Peer 1: 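Take a look at this one; I'll ask things after.
Below, chain A is the first sequence line, B the second, and so on; all start at residue 1. Note that this is a predicted model, so its numbers are computed, not measured.
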There are 2 protein chains.
Amino acid sequence: MASNAVMEETLQVLKDHKLRVTPQRHIILAYLVSHHNHPTVETIRDALSKELPNIGSSTIYNTLNTFVDHHLVVELQNGDGSTHYDYFGSPHYHAICTNCGRIVDVTYPGFSDTEKSLEEKTAEISGYMISGNHMEVYGLCPECQIKLGIKND
Amino acid sequence: MASNAVMEETLQVLKDHKLRVTPQRHIILAYLVSHHNHPTVETIRDALSKELPNIGSSTIYNTLNTFVDHHLVVELQNGDGSTHYDYFGSPHYHAICTNCGRIVDVTYPGFSDTEKSLEEKTAEISGYMISGNHMEVYGLCPECQIKLGIKND
DNA sequence: TTATTACATTGGAATGGTTCTCACTTACTA
DNA sequence: TAGTAAGTGAGAACCATTCCAATGTAATAA
């Protein structure tokens, strides 16, 4: 269950984006803000089974798609066949394990500059009017390196 | 139909990767090498209907998945529900139109450095053993800017 | 060249994530 | 507080992708 602070924050986020405040949206957003586990729709449904026992999958999909449209949330694919979601409160990107699918958030000082420069170059070269980007890095997570008995190249 | 030069090149690529050379694989790879249209499985099937009239969808999926495993090809999602494929002969990334789904290849001098630096930072921070990355930039393509009557922000 | 064998291809069925439909409910506005 | 535009829920529908079993074929070696 999300804290009062998170509930207030997410309430404000919904209002700022002029989204109608329903219990479903509020609780789902609060869950995403307070968890960094890159859940699927099923993960969310299970996690919220106490608070929203009768929620339909359609509602979760609708809600997440709305959040994505409003750039509150990003979609991620890790190769397991279903879409994962991540609240995008502050700029970061993702490292995805090619063996187990684990997703971790990554950022570093200067990352925004890298992003900005990539977008500017792209606009210049392609003529696109840029609205966003996705960066992903693939590799073996530390646990899988051990599991597979790999230490170096 | 792909040129002789392309057929020779792709034959060598398959051999270099120790992939069994079948007509299906050879023709599909040649198609990808000589087109930069980021096709879906259906696009490929239609385009090759003369050369491979009886090819099954499974074969195209199998072939493309094999190529992806060998890092010959990358997968792309543009939001239309199906996966697009792109031969990855030289380092580049993609700009994807959020309105019509158009995908264009982009690169610039210094892009490899950006890539390399992103991967190094990621390895350092996350502990992942990096094997690759995907970068994508989203926005409105020039045609959609006109179509939607947009000139500036 | 031929036999062998492991791998690829087919085509149809199965899978499963996501979207659609529609009746019902609810959050916002005046 | 009533009117209404929008959101929700249950299940059906959709469709891209994978699975499966039978058949075909590319590579290897004698």
Peer 1: Report the relative orientation of the aromatic rings in Tyr93(B) and Phe111(B); use parallel for angles under 30°, tilted for 30 to 60°, perpendicular for over 60°.
Peer 2: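 It falls in the tilted class, 30° to 60°.
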Peer 1: Select from Val21(B) and Ser57(B) the residue whose nearest nucleotide in DNA chain D is closer to the 5' end of that strand.
Peer 2: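 Its nucleotide being nearer the 5' end, the pick is Ser57(B).
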Peer 1: Whole angstrom is fine here: how far is it from CG in Leu64(B) over to C1' in dA8(C)?
Peer 2: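 Roughly 14 Å, once rounded to whole Å.
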Peer 1: Looking at dT18(C), dA10(D), dT17(D), which one has an atom nearest to any side-chain atom of Asn54(A)?
Peer 2: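 When the side chain of Asn54(A) is considered, dA10(D) is the closest of dT18(C), dA10(D), dT17(D).
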Peer 1: Ignoring hydrogens and angles, are the base of dC28(C) and the side chain of Arg20(A) linked by a donor-acceptor pair under 3.5 Å?
Peer 2: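 Counting by modelled atom types and ignoring angles, no donor-acceptor contact under 3.5 Å is found here.
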Peer 1: Less than 3.5 Å apart, any donor N or O on the side chain of Asn4(B) or Glu8(B) sitting next to an acceptor on the other?
Peer 2: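 On atom types as modelled, these side chains do not qualify, holding no pair under 3.5 Å.
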Peer 1: Is there a side-chain polar atom (N or O) of Gln24(B) under 4.0 Å from OP1 or OP2 of dT10(C)?
Peer 2: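 It does, given that an N or O in the side chain of Gln24(B) lies less than 4.0 Å from OP1 or OP2 of dT10(C).
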Peer 1: Tell me which of Asn62(B) and Pro23(B) sits closer to the 5' end of DNA chain D, going by the nucleotide each one is nearest to.
Peer 2: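 This one resolves to Asn62(B).
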Peer 1: For the residue pair Leu76(A) and Glu136(A), establish whether any side-chain heavy-atom pair is separated by less than 4.5 Å.
Peer 2: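 Result yes, sub-4.5 Å side-chain heavy-atom pair found.
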Peer 1: Could you state the atom-to-atom distance from CG of Asn78(A) to C1' of dG17(C) in whole Å?
Peer 2: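 So the two atoms are 14 Å apart, to the nearest Å.
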Peer 1: Report the distance from atom CG of Asn65(A) to atom C1' of dG7(D), rounded to the nearest whole Å.
Peer 2: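 It is 14 Å, rounded to the nearest whole Å.
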Peer 1: NA contact type, Thr40(A), heavy-atom cut-off 4.0 Å: base, sugar-phosphate, or nothing?
Peer 2: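 Nothing, no nucleic acid heavy atom in range.
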Peer 1: Could you check whether Thr22(A) gets within reach of a base, just the sugar-phosphate, or nothing at all, counting any heavy atom under 4.0 Å?
Peer 2: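 Sugar-phosphate only.
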Peer 1: What is the distance from CD1 of Ile60(B) to C1' of dC15(D), rounded to the nearest Å?
Peer 2: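 Rounded to whole Å, this separation is 16 Å.
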Peer 1: Check the distance between dA5(D)'s P and Leu19(A)'s CG and give it to me in whole angstrom.
Peer 2: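 Value for this atom pair: 19 Å.
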Peer 1: Starting from C1' on dC15(D), measure out to CD on Glu42(B) and report it in whole angstrom.
Peer 2: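 Interatomic distance, CD of Glu42(B) to C1' of dC15(D): 11 Å.
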Peer 1: Strictly below 4.0 Å: does Thr83(B) bring a side-chain N or O up to OP1 or OP2 of dT17(D)?
Peer 2: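 Checking Thr83(B) against dT17(D): at least one side-chain N or O falls below 4.0 Å of OP1 or OP2.
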Peer 1: Could you give the NE2-to-C1' distance, from His84(B) to dT17(D), as a whole number of Å?
Peer 2: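 Answer to the nearest Å: 14 Å.
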Peer 1: Classify the side chain of Ser58(B) versus the base of dG12(C) as yes if they form a donor-acceptor pair under 3.5 Å and no if they do not.
Peer 2: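 When only heavy-atom distances are counted, Ser58(B) does reach the base of dG12(C) through a donor-acceptor pair under 3.5 Å.
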Peer 1: Go through dT8(D), dT17(D), dT18(C) for me and flag the one nearest to the Tyr61(A) side chain.
Peer 2: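 Side chain of Tyr61(A) sits closest to dT18(C).
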Peer 1: Select one nucleotide: of dT9(C), dT17(D), dG9(D), the one nearest the side-chain heavy atoms of Thr59(B).
Peer 2: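 Output: dT9(C).
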Peer 1: At their closest point, which heavy atom of His94(A) faces which heavy atom of His38(A), and how far apart are they?
Peer 2: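 Here His94(A) and His38(A) meet closest at CD2-NE2, 3.5 Å.
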Peer 1: Answer with base, sugar-phosphate or nothing: what part of the nucleic acid does Asp80(A) contact at a heavy-atom distance below 4.0 Å?
Peer 2: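 Nothing, no nucleic acid heavy atom in range.
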Peer 1: Just do the salt bridge (Lys or Arg N to Asp or Glu O under 4.0 Å) check on Arg45(A) and Glu42(A) with the steps written out, would you?
Peer 2: CA-CA 5 Å; Arg45(A) 195 223 265 275; Glu42(A) 270 312 294; 3.6 Å; yes
Peer 1: Within this structure, what is the CD1-to-P distance between Ile28(A) and dG7(D), rounded to whole angstrom?
Peer 2: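 To the nearest whole Å, that distance equals 13 Å.
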